[in-house]
Amino acid sequence: MESAPSPTSSTITLHINGEKHTLSVDHRTTLLDALRERLDLTGTKKGCDHGQCGACTVLIDGRRAVSCLQLAVAAEGREITTIEGLADGERLHPVQQAFLDLDGFQCGYCTPGQICSAVAMIEEHAAGWPSAATEDVRPEAGPPPLTAEEIRERMSGNLCRCGAYVSIVQAVARAAESAGQDGAERTTTGEEAAA
């Protein structure tokens, strides 16, 4: 006698932007598809669907993740923040405001992923996480100066096909400054970031 086949779908509860959403999903459903197709949270974009462009970046437990490579069932019980959940009512998140003020976008398709990535990147930097561009990676050295080179390296997982990188770097630098990070006086902004 053969055993019954194991189920291929589950009912899960996702915690997204402070709200709980219960839905039945196929085990192969990505978090990206659950967000866009099942929950109508279309701010998160599907770019390459291979984890290479960053357009689908969301925050999971405060850390950035490409949602096209994350299974929805694996995100159950974790705190998910999408671009729709960053603003505080009508008040934009400082990263969103900086992108708007400094034209950190052109067509806007990659912008939600860029912004989510920048929010987490600023936190990573403030926590002292080094990047491949960090010269002194010793923990006691603290956060490195957030130069244009550091920002470019830390944001390198997010592609902008329009080429708005100069403005993106400026926007991230301004948002990091407004976050009041240690070493903000060393943060590169304006024309220095454009160089």
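In this chain, numbering begins with 1 at the start of the sequence shown.
Note that the NE2 atom of His15 and the CD atom of Glu79 stand 7.0 Å from one another [nearest 0.5 Å]. Atoms OG1 and CG, on Thr82 and Leu32 in that order, are 11.5 Å from each other to the nearest 0.5 Å. Going from atom CZ of Arg91 over to atom CD of Gln97 covers 10.0 Å, rounded to the nearest 0.5 Å.
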Could you walk me through whether Ser10 and His27 satisfy the side-chain hydrogen bond (donor to acceptor under 3.5 Å, both in side chains) test, starting with their C-alpha distance in whole Å, then the side-chain angles of each, then the deciding distance to 0.1 Å, before giving a yes or no? CA-CA 7 Å; Ser10 297; His27 292 161; 2.6 Å; yes
Hey, mind stepping through Ser117 and Thr57 against side-chain hydrogen bond (donor to acceptor under 3.5 Å, both in side chains) and telling me if it holds? CA-CA 6 Å; Ser117 188; Thr57 302; 5.2 Å; no
For Ile168 and Gln114: C-alpha separation, side-chain torsions, deciding distance, then whether side chain to side chain contact (heavy atoms under 4.5 Å, CB included) applies. CA-CA 8 Å; Ile168 290 168; Gln114 297 273 1; 3.8 Å; yes
Does the side-chain hydrogen bond (donor to acceptor under 3.5 Å, both in side chains) test come out yes or no for Thr8 and Asp26, once each step is laid out? CA-CA 6 Å; Thr8 60; Asp26 183 290; 4.5 Å; no
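With hydrogens and angles ignored, the 3.5 Å screen pairs no side-chain donor or acceptor of Ser167 with any backbone N or O of Ala164. Side-chain atoms of His50 do not come within 3.5 Å of backbone N or O of Gln52 as any donor-acceptor pair. Under the 3.5 Å distance criterion, the side-chain polar atoms of Tyr109 are left unmatched by any main-chain donor or acceptor of Lys45. Under the 3.5 Å distance criterion, the side-chain polar atoms of Asn158 are matched with a main-chain donor or acceptor of Gly113. The backbone N or O of Asp136 lies less than 3.5 Å from no partner atom in the side chain of Thr134, so there is not a single donor-acceptor pair.
Looking at every heavy atom in both residues, Cys56 comes nearest to Thr44 through O-CG2, 3.4 Å. When every heavy atom of Ala34 is checked against every heavy atom of Thr29, the shortest pair comes out as N-CG2, 4.0 Å. Of all heavy-atom pairs spanning Gly51 and Cys68, the tightest one is N-SG, 3.2 Å. The minimum heavy-atom distance linking Gln96 with Ile115 is given by the pair CG-CG2, 3.8 Å. Contact between Pro94 and Ala175 at its shortest, heavy atoms only, is O-CB, 4.0 Å. Here the closest heavy-atom approach between residue Gly43 and residue Glu84 is recorded as N-OE2, 2.7 Å.
Two residues are said to be in side-chain contact when any heavy atoms from C-beta on lie closer than 4.5 Å; Phe99 and Val172 meet this criterion. Under the 4.5 Å side-chain criterion, counting only non-hydrogen atoms from C-beta, Cys116 is in contact with Leu86. Inter-residue side-chain proximity for His125 and Ser131 is flagged as unmet; no heavy-atom pair is nearer than 4.5 Å. At least one side-chain heavy atom of Glu150 sits under 4.5 Å from a side-chain heavy atom of Pro144. Contact annotation: the side chain of Gln70 never approaches that of Thr30 to less than 4.5 Å [non-hydrogen atoms, C-beta and beyond]. When side chains are defined from C-beta on, Asp88 does not count as touching His93, because their heavy atoms never get closer than 4.5 Å. Looking at heavy atoms from C-beta onward, Arg174 lies in side-chain contact with Leu102 at the 4.5 angstrom threshold.
Other cluster members for Leu41: Ile12, Leu14, Ile16, Leu23, Val25, Leu31, Leu35, Leu39, Val58, Ile60, Leu71, Val73, Ile80, joined by side-chain heavy-atom distances under 4.5 Å among Ile, Leu, Val, Met, Phe, Trp and Tyr.
More than 12 heavy atoms of other residues, nucleotides or ligands shown are found within 6.0 angstrom of CD on Glu76. In the displayed structure, Glu140 atom CD is contacted under 6.0 Å by more than 12 heavy atoms of other residues, nucleotides or ligands.
Every pair passing salt bridge (Lys or Arg N to Asp or Glu O under 4.0 Å) that includes a residue from residues 47-73 is listed here, sequence neighbours excluded: Lys46-Asp49, Asp61-Arg78, Arg64-Glu124.
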